[in-house]
Amino acid sequence: MISMVGMVYAVFGIMFYIYQNNTYDITKDIGLIIATLGTMMAIIGFIYIQITNTKNREIIVRTNMADNNSSEFEIVRKWRTIEQLSTTLMLKDGISSDRAKSINFIVEFLSRQLANTINILDLKELLIARNNIVHKGKTFSKSELEEKLLVANKIIIELEKRIHS
């Protein structure tokens, strides 16, 4: 920014010098004219770079947000799969269709069915994370997302085993 201000002062100084010297002779003032043009080109280049860097930063920020949102919505997709598999398993076990589609009964069913294979707190934290993403737009760190996705994958694998057995 300091160099930009310096260039602006240089341009105005050169123009003021040319203005004060009433005898304008292009052969004597060609150096000043070239200096003015060079400084103007530097200023234009500086402005151009500032504009393009701002756009690039916005693109990078949008890309990072899209990547983060993609990972977070992967948790939502995994939870939907868990609900579908749980409903299928509940129907297979003879539970009524209305109960099999209720989220409260699904969580209760999963708590009973998977008590020996997964930590129930992990299941509840996964549901809370899903709700925070969907309803509050919450974002999580990469490590938290990976942890939640591992829990979701473990639950899905266990449910698929029980459906196919």
Side-chain angles (χ1 to χ4, degrees), residues 1-12 38-165:
M1 196 60 157
I2 292 172
S3 62
M4 177 69 171
V5 171
M7 284 185 246
V8 170
Y9 273 113
V11 167
F12 284 119
T39 306
M40 292 295 285
M41 293 300 290
I43 291 171
I44 291 169
F46 178 80
I47 292 170
Y48 176 76
I49 287 172
Q50 293 302 314
I51 291 170
T52 57
N53 280 344
T54 302
K55 287 181 183 177
N56 289 340
R57 279 188 224 124
E58 288 174 5
I59 290 170
I60 290 169
V61 168
R62 281 190 216 134
T63 304
N64 289 342
M65 287 174 63
D67 290 344
N68 240 6
N69 286 342
S70 175
S71 297
E72 286 161 347
F73 283 109
E74 185 64 26
I75 290 175
V76 175
R77 285 189 285 276
K78 295 282 185 183
W79 183 260
R80 188 177 329 132
T81 303
I82 290 170
E83 283 180 355
Q84 291 169 346
L85 292 172
S86 298
T87 300
T88 302
L89 190 59
M90 290 170 81
L91 292 173
K92 183 179 174 185
D93 287 352
I95 296 174
S96 70
S97 178
D98 292 337
R99 284 186 85 188
K101 293 182 182 179
S102 167
I103 190 66
N104 291 332
F105 289 115
I106 289 174
V107 172
E108 181 184 320
F109 178 78
L110 287 174
S111 297
R112 280 185 279 121
Q113 289 291 317
L114 305 178
N116 296 333
T117 54
I118 65 158
N119 185 352
I120 301 309
L121 290 176
D122 289 340
L123 171 69
K124 290 182 180 180
E125 286 178 10
L126 179 65
L127 177 59
I128 290 168
R130 179 256 180 218
N131 288 341
N132 285 337
I133 291 168
V134 172
H135 300 293
K136 297 179 182 175
K138 185 174 180 185
T139 57
F140 294 94
S141 70
K142 189 170 185 153
S143 62
E144 289 175 318
L145 289 171
E146 289 173 357
E147 180 183 318
K148 306 245 184 276
L149 288 172
L150 285 174
V151 169
N153 287 335
K154 188 175 179 181
I155 293 169
I156 290 169
I157 290 169
E158 188 61 34
L159 288 172
E160 286 175 341
K161 283 181 192 175
R162 291 175 188 245
I163 288 172
H164 296 299
S165 63

* L89 side, atom CG; F109 side, atom CZ - distance, nearest 0.5 Å -> 4.0 Å
* **S86 versus I106, closest heavy-atom pair with distance** => CB-CG2, 3.7 Å
* Asked: Salt-bridged, E158 to K154, with N to O below 4.0 Å?
  -> no
* If you look at every heavy atom in I120 and L110, which pair is closest and at what distance? -> CD1-O, 4.4 Å
* Asked: If we only count heavy atoms from C-beta on, is the E146 to L149 side-chain gap below 4.5 Å?
  -> no
* To do: State, to 0.1 Å, how close L85 and E160 come at their nearest heavy-atom pair, and which atoms those are.
  => CD1-CG, 3.8 Å
* Rounded to the nearest 0.5 Å, what's the gap from CD1 on I155 to CG on L150? Could you check? => 11.0 Å
* CD1/I128 to CG/L123 distance, rounded to the nearest 0.5 angstrom? -> 9.5 Å
* Can you check whether R130 reaches H135 side chain to side chain, under 4.5 Å on heavy atoms? -> yes
* Of all the heavy-atom pairs spanning L126 and K148, show the shortest one and how long it is. => CD1-O, 3.6 Å
* Structure fact -> Between I156 and K78, the two heavy atoms sitting closest are CD1-CD, 3.7 Å
* Asked: Can any side-chain N or O of K92 pair as donor or acceptor with the backbone N or O of I163 at less than 3.5 Å?
  -> yes
* Asked: Would R80 and E83 count as a salt bridge (charged side-chain N to carboxylate O under 4.0 Å, His left out) if you check the C-alpha gap in whole Å, the side-chain angles of each, and the deciding distance to 0.1 Å?
  -> CA-CA 5 Å; R80 188 177 329 132; E83 283 180 355; over 6 Å; no
* Asked: If you measure from CD on E108 to CE on M90, what distance do you get to the nearest 0.5 Å?
  -> 8.0 Å
* **Rounded distance [0.5 Å steps], CG in L127 versus CD1 in I75** => 11.5 Å
* How many angstroms lie between CD1 in I133 and CZ in F140, if you round to the nearest 0.5 Å? -> 5.0 Å
* Tell me, do R77 and E74 make a side-chain contact under 4.5 Å, heavy atoms counted? -> yes
